[in-house]
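First comes the structure, then the notes that go with it.
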Amino acid sequence: MNSNNFKYSDDNKRYHTYNYYLRHKYGIKIFKVPLNTNFGCPNRDGTKGLGGCTYCSGKLSGDYAGDPLYDIEKQYEDVRKVLLKKWDNAKCIPYFQAGTNTYAPLETQKELFEKALTLKDAVGINISTRADCINEEIADMLYGLSKKTDLEVELGLQTIYDKTAEKINRCHTFYDFLKGYSMLKERGIDICVHIINGLPGESRKMMIKTAQTVGALNPHSLKIHLLYIIKGTKMYEQFLNGEVRPLERDEYVQIVCDQLERIPESIVIERVTGDGVKEDLAAPMWSLKKFCVMNEIDKEMARRNSYQGILVK
């Protein structure tokens, strides 16, 4: 294997991993604790649309999050106790994962996020939402929160192409995304953007362009997801009808490496793949071997003698 001189690496990784970022920021093991506020989503209740995004599960992309029947204190503590058996000196980041976590009355949001500040061993907060559910009031509230803790707001973009967004029933445009993104960015709030590879009708060139465009926006971090098909979703019906073709593993690996080369090296890469719950997954089944996929990405970057940001002009 060629030597690795990448600036943000202590090991064989040729991209700026989330593990590297957390380890160098805190000096100890940090893990996220996924939570479910049961705030719902405007893309399901008719405010923006019905049925949600076509790939989204009934758990609102919070398949690994806590049970919304319990308050966040219990959700958090149940997961924390399990993970502390593996990392006894670790600290935690409460992660408001499921649904749209700025889709509730402002005071309700504020009360819940403030409560998260008091959770045992919490060192920050991550809040997942939609960019079209950010307004000036919410952005101001989040700015206040960012002054009290390490805050990161995660925005699900998925693609810069509005035609694809219509196909997946995202119910907001790239322009809508940019408006919400800008409100957070101008307040200095750390942002993580989510993109998905393999969306219906998108070419390799389009997926690379989405990553490149997001990189130019200079978010704090990026999550690169694989489109996987979950039983019971609208996309599952499309898959059964032959309307959606999941990517093959080698295709996916090549695309991710192409994307990493075009993303500035300072942007933290929090994820390079995704894996659904085994019992609910319809395709591609190779995605269940997440570490194999990550290893293949490492090997391909080494084969190319490449690294994150090498093609950024």
(message) Under a 3.5 Å cutoff, is there a donor and acceptor pairing between the side chains of His172 and Asn43?
(response) no
(request) Please confirm whether the backbone N or O of Met301 pairs with a side-chain atom of Ser306, one donor and one acceptor, at under 3.5 Å? (result) no
(request) May I ask you to say whether Lys231 pairs ionically with Asp280, meaning some side-chain N is under 4.0 Å from a carboxylate O? (result) no
(message) Taking NZ in Lys29 as the centre, count heavy atoms belonging to other residues, nucleotides or ligands within less than 6.0 Å. Is the count above 12?
(response) yes
(message) How about CZ on Phe31, more than 12 heavy atoms from neighbouring residues, nucleotides or ligands closer than 6.0 Å, or not?
(response) yes
(message) For the backbone of Glu77 and the side chain of Lys120, can you confirm whether one donor and one acceptor N or O come within less than 3.5 Å of each other?
(response) no
(request) Would you tell me whether Thr47 and Asp45 have side-chain atoms, one donor and one acceptor, within less than 3.5 Å of each other? (result) yes
(message) Minimum heavy-atom separation for Ala116 and Pro94, please, with both atom names.
(response) O-CG, 4.1 Å
(message) Donor-acceptor check, side chain of Arg130 to backbone of Arg170, threshold 3.5 angstrom: yes or no?
(response) yes
(request) Count the heavy atoms belonging to other residues, nucleotides or ligands that lie under 6.0 Å from NZ of Lys110, then report whether that count exceeds 12. (result) no
(message) Can you confirm whether Leu35 sits close enough to Val79 that some side-chain heavy atom of one is under 4.5 Å from a side-chain heavy atom of the other?
(response) no
(message) For a quick test of reading the model, state the closest non-hydrogen atom pair linking Lys223 to Cys192 and the distance between them.
(response) CG-SG, 3.7 Å
(message) Looking at every non-hydrogen atom in both residues, tell me the closest pair between Glu154 and Asn126 and how far apart they are.
(response) OE2-ND2, 3.1 Å
(request) May I ask you to decide if the ring planes of Phe174 and Phe177 are parallel, tilted or perpendicular, using 30° and 60° as cut-offs? (result) parallel
(request) Of all the heavy-atom pairs spanning Phe6 and Glu265, show the shortest one and how long it is. (result) CE1-CB, 3.8 Å
(message) I'd like to know whether CD of Glu111 has more than 12 heavy-atom contacts from other residues, nucleotides or ligands below 6.0 angstrom.
(response) no
(message) Looking at every non-hydrogen atom in both residues, tell me the closest pair between Ser287 and Leu281 and how far apart they are.
(response) OG-CD2, 3.6 Å
(message) Would you say that Pro42 contacts Thr100 through its side chain, given a criterion of any heavy-atom pair below 4.5 Å between the two side chains?
(response) yes
(message) Just so I know, are the side chains of Glu202 and Tyr161 near enough to count as touching, which here means a heavy-atom distance under 4.5 Å?
(response) yes
(message) Within the structure provided, determine whether Glu270 and His194 are in side-chain contact (heavy-atom separation under 4.5 Å).
(response) no
(request) Examine the side chains of Gln308 and Tyr8 and answer whether a donor and an acceptor come within less than 3.5 Å of each other. (result) no
(request) For residues Cys92 and Val33, report the shortest heavy-atom separation together with the two atoms involved. (result) CB-CG2, 4.0 Å
(message) Could you tell me if the side chain of Asp11 sits less than 4.5 Å from the side chain of Thr17, heavy atoms only?
(response) no
(request) Assess whether atom NZ of Lys209 is packed by more than 12 heavy atoms of other residues, nucleotides or ligands within 6.0 Å. (result) no
(request) May I ask you to check whether over 12 heavy atoms, not counting those of Phe239, lie within 6.0 Å of atom CZ? (result) yes
